[in-house]
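Let me begin by presenting the structure, written as structure tokens, before commenting on it.
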2 protein chains.
Amino acid sequence: MEHQPKKKATIYDLSVLSGSSPSTVSAVLNGTWRKRRIKETTAELIRDLADQHQYTANLQARGLRSSRSGLVGLLLPVHDNRYFSSMAQSFEAHVRSRGQCPIVVSACRDPEEERRTVETLISYSVDELIVAGATDPDGVHAVCIGSGLKHVNIDLPGSKAPSVISDNYQGARMLTEAIIRHFSDDLKLGPDELYLFGGRDDHASRERIRGFRAIKRELMQGDSDKCIEPTGYSPNMAQIAFERFYEREGKLPRGLFINSSINFEGLLRFMAQHPNEAFMDIVVGCYDYDPFGSFLPFPVIMIRQDIEGMITKAFEIMAENRPSVQTYLIQPELVPPRTALKGPLDAIKDIA
Amino acid sequence: MEHQPKKKATIYDLSVLSGSSPSTVSAVLNGTWRKRRIKETTAELIRDLADQHQYTANLQARGLRSSRSGLVGLLLPVHDNRYFSSMAQSFEAHVRSRGQCPIVVSACRDPEEERRTVETLISYSVDELIVAGATDPDGVHAVCIGSGLKHVNIDLPGSKAPSVISDNYQGARMLTEAIIRHFSDDLKLGPDELYLFGGRDDHASRERIRGFRAIKRELMQGDSDKCIEPTGYSPNMAQIAFERFYEREGKLPRGLFINSSINFEGLLRFMAQHPNEAFMDIVVGCYDYDPFGSFLPFPVIMIRQDIEGMITKAFEIMAENRPSVQTYLIQPELVPPRTALKGPLDAIKDIA
DNA sequence: CATTTTTGCACAATCGATGGTGCAATGAAT
DNA sequence: ATTCATTGCACCATCGATTGTGCAAAAATG
């Protein structure tokens, strides 16, 4: 399988071949040659040799010397849901358009793993980092400043670095209101028929809960802690919560605010265990959009966070030289049931 | 925001602090110190200093010297669907468990981008590479051997490197048969009511089409090219295909074999444009599993490829020193409608 | 023609870690 | 006491690129 594991050409090889010094070769190939007053013809010669020999710079060496790498990192909690995978997709497009190399890693919502992973990225002299949905953004921050790595939080805010997040309060208000209004007057939802499931004790969950409760108070004069069931971000815990509720009450609440599409998968698991009748009259509001989720057999209203907007803003902030530590809110969007939105994949040309 | 951008400690710093030589420090910190007969007490001293000063090795320097990086790459076509995001998730778990650092990048199904991206990875001395669903696996291969990078194709096979793929033929047979059998005898599906949509001219599509046709011939004595509509891997093209069909025939075929969940999103877009009646009697078989897709208002049978199995096999192959260039088939699994399978996220502990 | 300026490039240090080699000090064996 | 083996470590070249500096040759200036 390995044919010619011939070593890659280096500037030294080209230096010999061209008869000029390594530094000249280097300058020519990295674009600084005009500044160094290299003759056009010399440059041309070297460039020719370079692509004759398929020269590509050793980026580790370059990075070592210049302590920059051309890498831009995105730290995700997990890959496997449409919210974060869309984020990865948008992120890649952004980074590539700036001529850098995107690298995406996940840290499984584990604070320890988050820090370790960032340490590793730093060891590769990653130039910039977007920290998405970190469980411990400030812990990550501490690691970052230790080495002066520019970074911005996204999705979940930290208190020490600039953050770009959805307006979760507003989003939750919109979503909750939409759920309530989705019921016609004769089937009007009662305050204790509207529950929030999922999430945990993070900023996003808290804000969403706050929004949920605010609207509930405003529109239905009812609100109580028992209508809130945090389950963490796992399908399994959410499923258990639904099962418990069902056992207790003999049915699901008619109005369901689900705090993330991951938790929504818990509802799927519940559904798999129960006949359709168990949830034919429910209306679900889900924070985070999933195209397939939007077309389930009952009305599913979703919130789509403006991922593009957040990423764009994050890069703007990183471009500033002394970004202020503040949290920028990006407005999310309400998605009515049965809606197939375009996503980052649509930007990709497909050669059929 | 930047507090103490104090330089990171190096082995030289520790060398001064400890009074031993850089090489000793290096040996102690990278584990080769026993081999070098460093005294236990010296080692201890250095280790203490190291974590007092939060030393972490500069991996670019290490990589430069040793021409290995500890990085393992996964090249994806796209991030944004559950098949590939699950793959990323499994991949990360695998690589981490081996103490290396996973990095995931996508190349948008663009052969040129694929090669460029791999070039970049190589410049960082990535140790191993999994090439998933590449449009031009052999092109990538050419780049890889140029530098002796171990790599394995996954999902789509190449002719020059070992490949691990789903048994798409069998999978398509199972899926097609399941679609047909899902109709009761009185509503039996006719040969021209069963269509395949999506995919393009790649190995997976061809095999699936072959399986589809084989079963169609076997079970319904019918088969024709007009029942195959390749649309490329884009939601948009698929939608157009569905619309066209609908305009032409006044309805969708009752039996739909959809070649990828990405194409399935095209059906969602179609659905958004049409009342539910337009597809209340259809049965969809989709190659690739999406948990939400499984619960749509009509029966959706799915194929789940054994991602874990493929990744595991791929790493096994890469561990061999002279892997033979062959294609390994991994059996996929048929998923009945309304099924919520566990996925890689379930492996993640969630602190509620 | 002498001097200054500009052009074109080579030299060498450097980034941080690795690993082969060599050598002094210690302990064991004769 | 001498010889030999072992222990414990320092030295130094090296990986491939970047970059500040210096200097000869060519061109411009007077």
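In what follows, chains are A, B, ... by sequence order, proteins preceding strands, each numbered from 1. Please read all numbers here as calculations on a predicted model, not as lab measurements.
- The residue A/G19 sits close only to the backbone: its heavy atoms come under 4.0 Å of sugar-phosphate atoms, none of a base.
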Inset, instruction - Go through the steps for A/D138 and A/K160 under the test salt bridge (Lys or Arg N to Asp or Glu O under 4.0 Å), then give the verdict. - result: CA-CA 6 Å; A/D138 290 344; A/K160 311 221 172 131; 5.0 Å; no
Inset, instruction - Could you walk me through whether B/R116 and B/E113 pass the salt bridge (Lys or Arg N to Asp or Glu O under 4.0 Å) test, one step at a time? - result: CA-CA 5 Å; B/R116 259 208 308 275; B/E113 187 72 54; 2.9 Å; yes
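- Of the two residues contacting DNA chain D, namely B/S23 and A/A9, the nearest-nucleotide position lying further toward the 5' end is that of B/S23.
- For A/R98, the CZ atom sits in a packed shell: over 12 heavy atoms of surrounding residues, nucleotides or ligands are nearer than 6.0 Å.
- Note: CZ (B/R65) to C1' (C/dA17) measures 8 Å, nearest angstrom.
- Mapping heavy-atom proximity under 4.0 Å, the span of DNA chain D touched by chain B runs 5' to 3' from D/dT7 to D/dG16.
- Taking atom CD1 of residue A/I122 and atom P of nucleotide C/dG16, one finds them 15 Å apart after rounding to whole Å.
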Inset, instruction - Can you run through DNA chain D from 5' to 3' and write each base as (, ), [, ], | or . depending on how it pairs? Watson-Crick or G-U wobble, both distances under 3.5 Å. - result: ||||||||||||||||||||||||||||||
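- If you measure from atom CD1 of B/I11 to atom C1' of C/dT18, you get 8 Å, rounded to the nearest angstrom.
- Remark: C1' of C/dC9 and CD1 of A/I46 are 10 Å apart, rounded to the nearest angstrom.
- What separates CG of A/L64 from P of C/dT18 is a distance of 12 Å, to the nearest Å.
- Considering all non-hydrogen atoms of both residues, A/S163 and A/G158 come closest at OG-N, 3.0 Å.
- As judged by a 4.0 angstrom heavy-atom cut-off over every strand, A/T10 is placed among residues touching the sugar-phosphate backbone only.
- Nucleic acid contact for A/S67: none, since no nucleic acid atom lies under 4.0 Å from a heavy atom of the residue.
- Residues that satisfy the ring pair (Phe, Tyr, Trp, His ring centres under 6.0 Å) test with A/F315, not counting sequence neighbours, are A/H94.
- In this structure, OH on A/Y233 lies 13.5 Å from CG on B/L345, to the nearest 0.5 angstrom.
- Rounded to an integer number of Å, the gap from OH of B/Y12 to C1' of C/dA17 is 6 Å.
- Nucleic acid contact class of A/R37 (heavy atoms, under 4.0 Å, all strands): base.
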Inset, instruction - Let me see the working for A/E40 and A/R34 under salt bridge (Lys or Arg N to Asp or Glu O under 4.0 Å), right down to the final yes or no. - result: CA-CA 9 Å; A/E40 179 68 50; A/R34 292 202 166 285; 3.3 Å; yes
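- Between B/S26 and C/dT18 there is a side-chain polar atom (N or O) within less than 4.0 angstrom of OP1 or OP2.
- Counting atom types as modelled, B/R36 pairs a side-chain N or O with a base atom of C/dG19 as donor and acceptor under 3.5 Å.
- In terms of modelled atom types and a separation under 3.5 Å, the side chain of A/Q60 and the main chain of B/A61 share no donor-acceptor contact.
- Summarising the geometry, atom CD1 belonging to B/I330 is positioned 10.5 Å from atom CD1 belonging to B/I311; distances are rounded to the nearest 0.5 Å.
- Contact annotation for A/T42: backbone-only contact, meaning every heavy-atom pair under 4.0 Å involves sugar-phosphate atoms and none involves a base.
- Atom pair B/I38:CD1 and C/dT18:P shows a separation of 13 Å (rounding to whole Å applied).
- Using a 4.0 Å heavy-atom cutoff across all strands shown, A/T32 reaches no nucleic acid atom at all.
- The only option from A/K313, A/M318, A/E320 that meets the side chain to side chain contact (heavy atoms under 4.5 Å, CB included) definition with A/E316 turns out to be A/K313.
- Following rounding to the nearest Å, A/W33 (CH2) and C/dA10 (P) show an atom-to-atom distance of 15 Å.
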